[in-house]
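Just so it is clear, the model here is predicted, and its values are computed rather than measured. Residue numbering restarts at 1 for every chain, and letters A, B, ... go by the order of the sequence lines.
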Amino acid sequence: MQVLRRATLTSRAVRTLQSARRWLQSPSLTTERHGYLPDSQSPITPELKFFNSVTDHGGKIPTYRVLDGVGMPIDGAEMPEISETFARKIYENMVLLPTLDTLLYNVQRQGKISFYVTSYGEEATIIGSAAALAPDDEVLGQYRESGVLLWRGFGLDNIVAQCLGNEEDTSGKGKQMPVHFGSPQFHFLTISSPLATQIPHAAGVAYAITRSPRRGKNCAAVYFGEGAASEGDFHAGMLFASTIPSPTLFIVRNNGFAISTPAAEQYHGDGIAARGPGYGVWTVRVDGNDVLAVLGAIREARKRCIEEGRGVLVEAMTYRVGHHSTSDDSFAYRSRSEVEDKKRIDNPITRFRLFMESQGWWSKDEEDALRARLKKDVMQAFKRAEGMQKPELQEMFTDVYGGEEPWNIREQREELAGLLKKYGNDWEPWKSELERFKGKGQEWLKK
Amino acid sequence: MTVRDALNAAMEEEMLRDETVFILGEEVARYNGAYKVTKGLLDKFGERRVVDTPITEMGFAGVAVGAALAGLRPICEFMTFNFAMQAIDQIVNSAGKTYYMSGGNVPCPVVFRGPNGAAAGVAAQHSQDYAAWYGQVPGLKVVSPWSAEDCKGLLKYLHMYSNLCFTPQSAIRDPNPVVFLENEMLYGVSFPMSEAALQDDFLLPIGKAKVEREGSDVTIVAHSKMVTHSLEAAELLAKEGIKAEVINLRSIRPLDIDTIKKSVKKTNRLVTVEGGFPAFSVGSEICAQIVESEAFDYLDAPVERVTGADIPTPYAKNLEDLAFPDTPLIVKVAKRALYRTN
Ligand SMILES: Cc1ncc(C[n+]2csc(CCOP(=O)(O)OP(=O)(O)O)c2C)c(N)n1
Ligand SMILES: [Mg+2]
């Protein structure tokens with residue numbers, strides 16, 4: 001470790017020196033004769049000059065894009081390598097995500113689940129980034145990243161089971177709100193509701209990776225919204241991944257809104273990307289509606305992240321087409337026409353389909369067949385899950401603590417058991433309620 | 001052995017035994033800890049396992065949680081629990097609830113430790129007892145040790161279990177986050193250590209109180225530094241022929257109410273003592289649980305809570321002294337329970 005640290009310090013010092021030299025060569029600035037501030041290598045200048053930009057030219061950070069609005073590679077585009085099979089897999093998942101969203105959104109509207117969030121408009125950001133990660137990179141999501149799990153093969157049944165909180169819910173045995181997925185098998189940490197807490201967690205997960213044989217092979221990728229980036233946890237997470245270095249890949253989905261608050265009210269500076277260099281973190285801004293640009297940017301970011309063993313930041317610029325969640329009606333704060341325009345003019349799925357067609361990788365027939373198949377798959381998964389029971393009632397008391405059950409948990413369990421024994425077989429409201437649980441509460445009634 | 005040395009020995013022994021244990025916090029490495037509790041550990045284990053962090057409690061508590069979720073066993077040191085307020089969301093919402101909300105998929109065995117409770121001459125923002133705050137949270141275990149033996153045995157117990165937890169098939173798992181509330185004014189205090197406590201396999205279970213002194217006339221329940229005052233009070237009471245039983249709680253959550261009930265059934269009188277504020281305090285909880293239980297029928301006098309004054313801790317020494325329980329006050333209240341004074 002000591003050796004490694006010295007090595008990174010040295011290369012960092014070299015970079016600092018190089019940029020200092022460039023700075024010196026610019027005519028408006030100081031000359032070599034003023035030297036450098038000891039320790040910090042900051043060149044000394046007699047000029048009083050404030051700055052408020054992280055770019056060389058003092059302007060806004062540019063956005064990396066490879067496909068134009070109609071899916072054609074733009075001039076000089078650095079295209080990521082991609083095979084036909086891989087492209088088809090990406091496209092199918094980009095279409096699956098909104099198909100699933102529409103079903104579960106409607107299920108919520110019918111009152112069958114309490115809550116849901118859709119990913120409408122962010123399909124390229126989510127699927128493109130998932131496709132650039134290794135399947136065993138640890139992912140820490142915010143809540144709008146179910147597409148990562150779809151990409152990894154978590155499966156529709158698992159998704160629906162979590163949202164319904166039924167006996168097959170492997171994410172949390174029905175103990176979490178809908179969309180709070182989690183899966184050790186698919187390297188996806190359980191979603192945490194308080195915003196941004198997952199960001200320092202990611203730095204910790206990545207630190208743990210550096211202490212294991214996975215060092216140099218995997219990173220921890222953390223997703224969050226531009227709104228969540230205002231939380232202190234974001235700053236702490238970035239600071240940690242750079243100072244106590246760990247391979248943490250920060251993926252911010254700048255989708256224009258935090259519920260009703262427009263992104264422009266979330267910061268006065270140049271988005272979230274401008275903050276990266278403040279922490280000594282390699283940063284790139286990418287067109288989040290261009291799936292190939294996202295794929296290319298995240299691939300390169302991941303490579304740097306793992307090679308240097310330090311944080312890397314990617315800001316994906318996209319647009320939240322759907323409402324924030326099922327608790328929100330966004331037409332109270334933005335016009336319907338704005339949303340319709342975005343859907344039409346800057347649709348990530350259409351853009352990629354046009355690219356696929358231009359390559360001869362996709363046709364109208366395939367499109368129709370895919371849409372019909374996905375709709376059927378999704379409906380089937382829901383129908384299958386709808387009839388299922390809730391997890392066993394006693395699960396309410398499990399997993400508060402691991403190991404030996406403390407008396408205060410046991411006492412509550414026994415109290416409920418007593419009540420169920422007394423009333424559960426006879427009192428109608430309880431009798432019918434028990435029917436909904438796996439085992440119908442028999443494990444209690446018998447005891 | 002001093003409390004400081006006991007904590008240090010516990011951490012060193014566990015780090016030797018278990019590669020996954022590591023320490024992080026402000027000033028824990030090069031400076032050996034703000035109160036020198038981590039002294040020498042950097043030299044022994046290197047900077048990958050004794051990690052100085054930037055100054056953000058929320059940040060390093062979050063990193064500790066993340067590392068635990070990914071299989072390490074962090075010891076997260078706060079300079080004092082007053083500063084852990086910045087991290088309380090990570091302790092309560094992330095560490096305390098992830099195991100439950102993931103249906104047992106993701107354990108989070110972090111030990112959050114550091115000095116807690118009133119210190120001397122550091123005013124309101126550095127002098128507060130958080131036992132009742134954390135004691136409220138399902139999913140957390142909360143320990144408030146008093147002696148060197150308590151510190152060594154309880155701190156090691158945590159790691160004993162967390163280590164076993166690393167073997168996924170193991171029947172015994174303790175994936176729980178623990179809040180370990182030390183007391184700054186006890187760090188330098190020496191306690192005799194039994195032969196057993198000096199061994200590196202010495203463990204004390206969480207959730208068990210200890211009867212430090214047996215008696216039959218009145219039960220005094222205390223934790224942390226208040227155990228010292230309670231034992232002194234018992235000594236003074238003995239001179240007047242009053243036999244006080246002193247219980248050292250050790251664990252705040254789970255609370256060992258059985259030991260207290262047993263004692264109350266014998267003495268018929270109960271006094272609780274703590275350095276925290278009175279409202280919704282540890283004493284309030286003990287009182288409520290006794291009143292709800294069969295032990296209520298055994299009480300011959302009202303239960304009384306001896307606590308800190310219900311004001312932000314004063315800075316001035318004379319006022320600060322008046323704001324916290326001392327030995328004479330405990331003597332007085334114990335006698336009141338016996339109707340020997342008012
Ligand atoms: C600590 C905390 N504060 C507030 C909330 C309520 N809340 C949930 S989502 C949200 C907006 C987040 O916006 P952003 O991070 O941009 O993500 P997006 O919804 O746009 O994907 C807010 C304020 C919360 N969950 N946690
Ligand atoms: Mg947003």
Side-chain angles (χ1 to χ4, degrees), chain A residues 1-2 5 138 140 169-177 180 182-185 189-194 196-212 220 222 231-233 235-237 239-241 243-244 246 248 391 395 398-404 406-409, chain B residues 19-20 22 24 46-49 51-54 56-72 74 86 89-90 93-94 96-109 138-141 161 164-165 172-176 205-207 253-258:
Chain A
M1 177 52 215
Q2 299 232 309
R5 242 201 190 166
E138 300 296 331
L140 296 93
D169 171 19
T170 59
S171 289
K173 300 184 188 163
K175 298 180 194 202
Q176 257 289 21
M177 286 171 73
H180 289 60
S183 168
Q185 189 195 340
L189 261 105
T190 311
I191 301 294
S192 165
S193 300
T197 47
Q198 79 275 18
I199 305 173
H201 294 171
V205 168
Y207 177 78
I209 289 175
T210 68
R211 295 276 320 276
S212 78
V222 57
E231 294 277 5
D233 286 83
H235 301 272
L239 181 64
F240 270 84
T243 54
I244 297 168
S246 64
T248 317
E395 290 291 356
T398 61
D399 308 322
V400 182
Y401 295 98
E404 202 189 321
W407 65 265
N408 56 323
I409 304 288
Chain B
E19 267 286 312
T20 66
F22 76 105
L24 78 171
E47 60 179 23
R48 298 294 291 167
R49 295 186 65 194
V51 184
D52 274 333
T53 70
T56 157
E57 282 72 17
M58 163 224 285
F60 65 76
V63 167
V65 169
L69 298 179
L72 296 183
Q86 307 243 352
D89 176 63
Q90 288 290 355
N93 265 325
S94 291
K97 296 176 185 168
T98 300
Y99 190 62
Y100 186 75
M101 302 200 89
S102 68
N105 276 340
V106 200
C108 187
L140 293 179
K141 290 192 175 180
Y161 272 80
L164 289 172
C165 156
I172 311 161
R173 294 166 59 110
D174 194 323
N176 305 298
I206 295 175
R253 183 181 186 89
L255 188 67
D256 183 4
I257 198 70
D258 283 344

Any idea which of Glu138(A), Met177(A), Lys173(A), Gln198(A) has the most non-hydrogen atom pairs under 4.5 angstrom with chain B? Lys173(A)
Rounded to the nearest 0.5 Å, what separation is found between the NE2 atom of His180(A) and the OG atom of Ser102(B)? 12.5 Å
Checked Gly96(B), Ser94(B), Pro138(B) vs chain A; the most non-hydrogen pairs under 4.5 Å come from Ser94(B)
Atom group of Leu140(B) that falls short of 4.5 Å from chain A, counting heavy atoms: backbone
Nearest heavy-atom approach of Tyr207(A) to Val51(B) is OH-CG2, 3.6 Å
Tell me, with the steps shown, if Asn93(B) and Thr197(A) meet side chain to side chain contact (heavy atoms under 4.5 Å, CB included). CA-CA 9 Å; Asn93(B) 265 325; Thr197(A) 47; over 6 Å; no
Checked Met58(B), Arg253(B), Lys97(B) vs chain A; the most non-hydrogen pairs under 4.5 Å come from Met58(B)
Given that the side chain runs from C-beta out, which part of Ser212(A) has a heavy atom under 4.5 Å from chain B: side chain, backbone, both or neither? neither
CG-CD distance between Asn176(B) and Glu404(A), expressed to the nearest 0.5 angstrom: 11.0 Å
For Ser193(A), is it the side chain, the backbone, both or neither that has a heavy atom under 4.5 Å from a heavy atom of chain B? neither
How far apart are the closest heavy atoms of Ala203(A) and Val63(B), and which atoms are they? CB-CG2, 3.9 Å
Pick from Thr98(B), Thr56(B), Asp258(B) with the largest number of heavy-atom pairs that fall under 4.5 Å of chain A: Thr56(B)
For a quick test of reading the model, state the closest non-hydrogen atom pair linking Asn408(A) to Pro254(B) and the distance between them. OD1-CB, 4.5 Å
Counting heavy-atom pairs under 4.5 Å with chain A, the top scorer among Gly139(B), Ala61(B), Gly207(B) is Gly139(B)
Nearest 0.5 Å, what's the CD1-OH distance between Ile206(B) and Tyr401(A)? 10.0 Å
I'd like to verify something: which residue of Ala70(B), Pro54(B), Ala64(B) has the highest number of heavy-atom pairs under 4.5 Å with chain A? Pro54(B)
If one checks every heavy atom of Asp233(A) against chain B at 4.5 Å, the contacting part turns out to be both
Asp89(B), Asp256(B), Leu24(B): which one forms the most heavy-atom pairs within less than 4.5 Å of chain A? Asp89(B)
Who wins among Thr398(A), Thr210(A), Thr170(A), Asp169(A) for the most heavy-atom pairs under 4.5 Å with chain B? Thr210(A)
Apply side chain to side chain contact (heavy atoms under 4.5 Å, CB included) to the pair Ile257(B) and Trp407(A), showing each step before the final yes or no. CA-CA 10 Å; Ile257(B) 198 70; Trp407(A) 65 265; 4.0 Å; yes
Select, from Pro194(A), Ala206(A), Pro406(A), the one with the greatest count of heavy-atom pairs under 4.5 Å involving chain B. Pro194(A)
Where does Phe22(B) contact chain A at under 4.5 Å (heavy atoms): side chain, backbone, both or neither? side chain
Which atom names give the shortest non-hydrogen contact between Arg211(A) and Thr20(B), and what distance separates them? NH2-CA, 4.4 Å
Considering only heavy atoms, which portion of Asp52(B) lies under 4.5 Å from any heavy atom of chain A: side chain, backbone, both, or neither? backbone
Please report the shortest heavy-atom distance between Gln90(B) and His201(A), naming the atom on each side. OE1-NE2, 2.7 Å
Looking at Ile199(A), Thr190(A), Ile409(A), Leu140(A), which has the largest count of heavy-atom pairs under 4.5 Å with chain B? Thr190(A)
